[in-house]
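Worksheet: the structure to be examined is printed underneath.
Both backbone and side-chain heavy atoms feed into the values below; hydrogens, waters and symmetry mates do not.
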Amino acid sequence: MIDLHELLVRITEPVVSVIELMALILIALATVKLFVQGLHLLIRGDTDGDQRRSIWLEYGRWLVAGLSVQLAADILESAIYTSWDSIGQLAAIAVIRTFLNYFLEKDITEIRERQQRVRERRERHGKDADTTLELP
């Protein structure tokens, strides 16, 4: 007869692997899309930087989604580890991912605010408004 902890481990391990694979796919596809769109923009040009900022903003959102999915896998994984070393390593990874997520969200908010200010300037002053705001 299988004890409850062993059953939990047997169920959780493949679920965590699937969730990590989903995060990998999200981040990989977003990166490929960014690369292709970036090359296209580089060849075609982006005079006012709007398309570049828009591409960057979309990429940031996908990275946040991927990191959130990875964090979900970490949370599930914490249910099956019982040694302090494993829990410590998992906690360090979770903290790093949480900080990355936080700073990505902060950057996304900042970019949105910049885009909004540029739009408002354009509406007030017409198309010739200052469009020199750049991404960090």
So, taking the atom named [atom1] in [X] and the one named [atom2] in [Y], what distance separates them when rounded to the nearest 0.5 Å?
X      : Y      : atom1 : atom2 : value
Asp107 : Trp56  : CG    : CH2   : 7.5 Å
Leu57  : Ile108 : CG    : CD1   : 6.0 Å
Ile19  : Leu76  : CD1   : CG    : 5.0 Å
Thr109 : Leu104 : OG1   : CG    : 10.5 Å
Glu105 : Arg61  : CD    : CZ    : 10.0 Å

- Query: With respect to Glu110, which candidate in Arg114, Arg112, Lys106 satisfies the side chain to side chain donor-acceptor pair (under 3.5 Å) definition?
  - Reply: Arg114
- Please report the C-alpha distance between Glu77 and Glu20 in whole Å, then the side-chain angles of each, then the deciding distance to 0.1 Å, and finally whether the side chain to side chain contact (heavy atoms under 4.5 Å, CB included) criterion is met. CA-CA 11 Å; Glu77 204 169 11; Glu20 287 175 341; 4.0 Å; yes
- Message: Hydrophobic cluster membership, with links at side-chain heavy-atom distances under 4.5 Å among I/L/V/M/F/W/Y: are Ile55 and Leu63 in one?
- Response: yes
- Task: May I ask whether Met22 and Ile75 are part of the same hydrophobic cluster, defined by side-chain heavy atoms of I, L, V, M, F, W, Y residues being less than 4.5 angstrom apart, directly or through others?
- Result: no
Please output the side-chain donor-acceptor pairs of residues 9-18 that fall under 3.5 Å, not counting sequence neighbours, one pair per line with the distance.
residue, atom, partner, partner atom, Å
Arg10, NH2, Glu6, OE2, 3.1
Thr12, OG1, Leu8, O, 2.7
Ser17, OG, Glu13, O, 3.1

- Item | Partner of His125 under side-chain contact (heavy atoms from CB on, under 4.5 Å), chosen from Arg122, Arg121, Glu123 | Arg121
- Closest non-hydrogen atom pair between Gln51 and Gly45, with its separation: OE1-O, 4.1 Å
- What do the steps show when you test Arg117 against Glu113 for side chain to side chain contact (heavy atoms under 4.5 Å, CB included), and what is the final call? CA-CA 6 Å; Arg117 286 193 302 266; Glu113 289 170 357; 4.0 Å; yes
Quick one: side chains of residues 31-40, donor-acceptor pairs under 3.5 Å with protein atoms, not counting sequence neighbours, listed by atom name and distance.
residue, atom, partner, partner atom, Å
Thr31, OG1, Ile27, O, 2.8
Thr31, OG1, Tyr59, OH, 2.9
Lys33, NZ, Glu58, OE2, 2.5
His40, ND1, Arg44, NH1, 2.9

